[in-house]
Amino acid sequence: MSRKERDARRGRLEALRAAGVDPYPARVGPRESIASVRGRFSERDAESLEKENEPVAVVGRVVALRSFGKLVFATLLENGERLQISARKAETTPECFGFVKKLDVGDFVRVVGPLWRTKSDELTVDVREVEMLAKGLRPLPEKWHGLSDVEARFRQRYLDLLVNEEARRAALLRSRIVTAMRAFLDERGFLEVETPVLQPIYGGAAARPFTTHHNAYDQTLYLRISDELYLKRLVVGGIDRVYEIGRVFRNEGVSRKHNPEFTMMECYQAYADYSDMMDLTQAMVQSIAERAIGGSRIEFGGQEIDLAGEWPRIPLRDAIARETGIDILEHDALPTLRAACEAKGLPPGDAPTWGRLVDDLFSEHVEPKLIQPTFITDYPVELSPLAKRSTSDPRLVERFEPFLGGMEIGNAFSELNDPDDQRERLEASRRDLDAGDEEAHPLDEDYLVALEVGLPPTGGLGIGVDRLAMVLADAPTLREVVAFPHMRPRASSGEDAEEEED
RNA sequence: GGGCGCGUAGCUCAGCUGGUAGAGCAAGGGACUCUUAAUCCCUAGGUCCGGGGUUCGAGCCCCCGCGCGCUCACCA
């Protein structure tokens, strides 16, 4: 059992200590990255290496051991790159050979020695000096199948990252995506800012918040569900282009597309409208794809997606009409729209308002088909309390959502900057929600004051970074691109308690 | 929260109509100077998720609970 293996490893750890070796030294001697060694020597043949006989020093984690009587091969892994090392009894000191013989898979070492090529032409460091950098006390997951237990992969992501190349790729890609997003916005003169995570009044989205408490002021605070109202205050304050990439929190269920905390990019541009923000969204995603994956063609869930070119802009009304044959503006009240659904043989469900029924129709019949990048535009005013009313139809607002891979990946509008209209709309939306109630927001009076001071005409955009990463990484669930996805706490009996004892 | 499925060694998995638990890798010992999923011999390793029930007998059947997955709902 594992206890026995750990005892064996601990035995070797104590043996090192007894010999006066620190198994966890503070500093690492001179070394060259494995990538660099490979770069310098990958083209060199056996003879030339032997002639040169130049020692190299590399570090890494032992991920495989193949031991013979007087010869040991091991594979070192450092920053995603592998290199074989060997210890030959005839070519090195007895101490060094014995040390390598006693290594465990999982140990970190630094080795020094000349390069050679084996009979199978593998570039190999022939160890002349070796030192322990950190002793591993637990076995790594099985070398051939890796770690496939889904729960273990998420709860112990470090193991997943170590043995599953896919996990590593997703983590690196996500980082490149965020870097590219930031670079794109910086280049366009957007100022990166940070706004409060702890908010006395939450707003900017329809969602239930997490609630917490500040002891010093005996104050209830909420983890933000959106950055929107604070970022727009900064635009009121004269910062004409702002953005924030940060975590937001929604007290809701977990699914393939949902995590209770997720990363949102929100940006606001003064003197722009939602049409400008569509241009910006398209350019941003294309730029991110170019920088992060080097192209515009991707595969997501077995389907080809091309991010290049102009993305279609389809009014919500047309999109729903196309898929269901129902004109939502012809039936602009709940009872008539319900009747229209029934006439088409579509169950209208139990949506409490006209707006919600429109949303249901869209989610069910249109959204799953929006695989290629698409802007859906011109949403009902009921669904969008912070968006400016459409100039052509007062029942609509200047709002769009970008869709990709059958998922909404963002939300944007011409920001409502009429303080009186904003007050009415916030109050109306609160009345609407009064029935169900859970998402009713307290009115943010200070935000209304800010609007009275004056918000210029402004375009705003939010992008769900995790979802974008999910599509670009061709990941079937959000959790593949979130390093530590939300999990139910593990029942704390068993393992931990047992292990504390010894 | 509802429905369906899953939970067996450190990891990956077998385990028949209910008859007292197995393999590979990992681990320990041994052989081996060309392996890279090394090979060969030997050894050890189990709260079969937890609790209850049915039964002469439960990894397997039933009930309750826990965790995970899929899905629906809530939800952008």
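Worth saying up front: this structure is predicted, and the values here are computed from it rather than measured. Worth knowing before you read on, the calculation uses all heavy atoms, side chains too, and leaves out hydrogens, waters and symmetry mates. Here is the naming used below: chain letters follow the sequence lines, and residue numbers restart at 1 for every chain.
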(request) Return the nearest nucleotide to the side chain of A/Met487; candidates are B/G24, B/C68, B/U35. (result) B/C68
(message) Could you go through A/Glu166 and A/Arg153, starting from their C-alpha distance and side-chain angles, then the distance that decides it, and tell me whether this counts as salt bridge (Lys or Arg N to Asp or Glu O under 4.0 Å)?
(response) CA-CA 12 Å; A/Glu166 288 295 313; A/Arg153 288 189 49 229; over 6 Å; no
(message) Measure CZ/A/Arg256 against P/B/C68 and give the value in whole Å, please.
(response) 19 Å
(message) With a 4.0 Å limit, can you tell me whether A/Arg356 has a side-chain N or O closer than that to the phosphate oxygens OP1/OP2 of B/C75?
(response) yes
(request) Classify the side-chain pair A/Asn411/A/Arg399 by whether it contains a donor and acceptor separated by less than 3.5 Å. (result) yes
(request) Between A/Ala152 and A/Trp116, just flag the one whose closest nucleotide in RNA chain B comes earlier from the 5' side. (result) A/Ala152
(request) Name the nucleic acid region contacted by A/Gly146, choosing base, sugar-phosphate or nothing; use a 4.0 angstrom heavy-atom cut-off, strictly under. (result) sugar-phosphate
(request) Classify the nucleic acid contact of A/Arg250 as base, sugar-phosphate or nothing, counting any heavy atom under 4.0 Å across all strands shown. (result) sugar-phosphate
(message) By the 4.0 Å heavy-atom rule, please label A/Thr477 as base, sugar-phosphate, or nothing.
(response) sugar-phosphate
(message) For a quick test of reading the model: is some side-chain N or O of A/Arg479 closer than 4.0 Å to OP1 or OP2 of B/G69?
(response) yes
(message) Using Watson-Crick or G-U wobble geometry with both distances under 3.5 Å, which nucleotide pairs with B/G1?
(response) B/C72
(request) Choose from B/G67, B/A37, B/C34 the nucleotide whose nearest atom is closest to any side-chain atom of A/Trp144. (result) B/A37
(message) With no hydrogens and no angle check, just 3.5 Å: does a side-chain donor-acceptor pair link A/Tyr447 and A/Lys232?
(response) yes
(message) So if I take residues 83-94 of chain A and measure heavy-atom distances to RNA chain B, which residues fall below 4.0 Å?
(response) A/Gln84, A/Arg88, A/Ala90
(message) Under a 3.5 Å cutoff, is there a donor and acceptor pairing between the side chains of A/Trp116 and A/Ser86?
(response) yes
(message) Students often get this wrong, so: under 4.0 angstrom with heavy atoms, is A/Arg153 touching a base, only sugar-phosphate, or nothing?
(response) nothing
(message) So which atom in A/Arg117 and which in A/Arg44 form the shortest heavy-atom distance, rounded to 0.1 Å?
(response) NE-O, 2.6 Å
Please list, one pair per line, the donor and acceptor atoms closer than 3.5 Å that link side chains of residues 71-80 of chain A to other protein atoms, with sequence neighbours excluded.
from: A/Thr75; atom 1: OG1; to: A/Arg66; atom 2: NH2; distance (Å): 3.3
from: A/Glu78; atom 1: OE1; to: A/Ile34; atom 2: N; distance (Å): 2.7
from: A/Asn79; atom 1: OD1; to: A/Arg168; atom 2: NH2; distance (Å): 3.3

(message) Over all strands shown, is A/Asp149 touching base, sugar-phosphate only, or nothing at heavy-atom distances under 4.0 angstrom?
(response) sugar-phosphate
(request) Whole angstrom is fine here: how far is it from CG in A/Asp121 over to P in B/U35? (result) 13 Å
(message) Among B/C68, B/G24, B/C34, which nucleotide has an atom closest to any side-chain atom of A/Arg155?
(response) B/C68
(message) It should be established whether A/Ser148 places a side-chain nitrogen or oxygen under 4.0 Å from OP1 or OP2 of nucleotide B/C13.
(response) yes
(message) Side-chain N or O of A/Arg488 versus OP1/OP2 of B/C68: is the shortest distance under 4.0 Å?
(response) yes
(message) Using the side-chain heavy atoms of A/Pro139, tell me which of these nucleotides is nearest: B/C32, B/U12, B/G10.
(response) B/G10
(request) Measure from the side-chain heavy atoms of A/Arg208 and tell me the nearest of B/C68, B/C74, B/A26. (result) B/C74
(message) Contact list please: residues 62-79 of chain A against RNA chain B, heavy atoms, distance less than 4.0 Å, in numerical order.
(response) A/Arg66, A/Ser67, A/Phe68, A/Gly69, A/Lys70, A/Leu71, A/Phe73
(request) Nearest 0.5 Å please: distance from the OH atom of A/Tyr243 over to the CE atom of A/Met284. (result) 9.5 Å
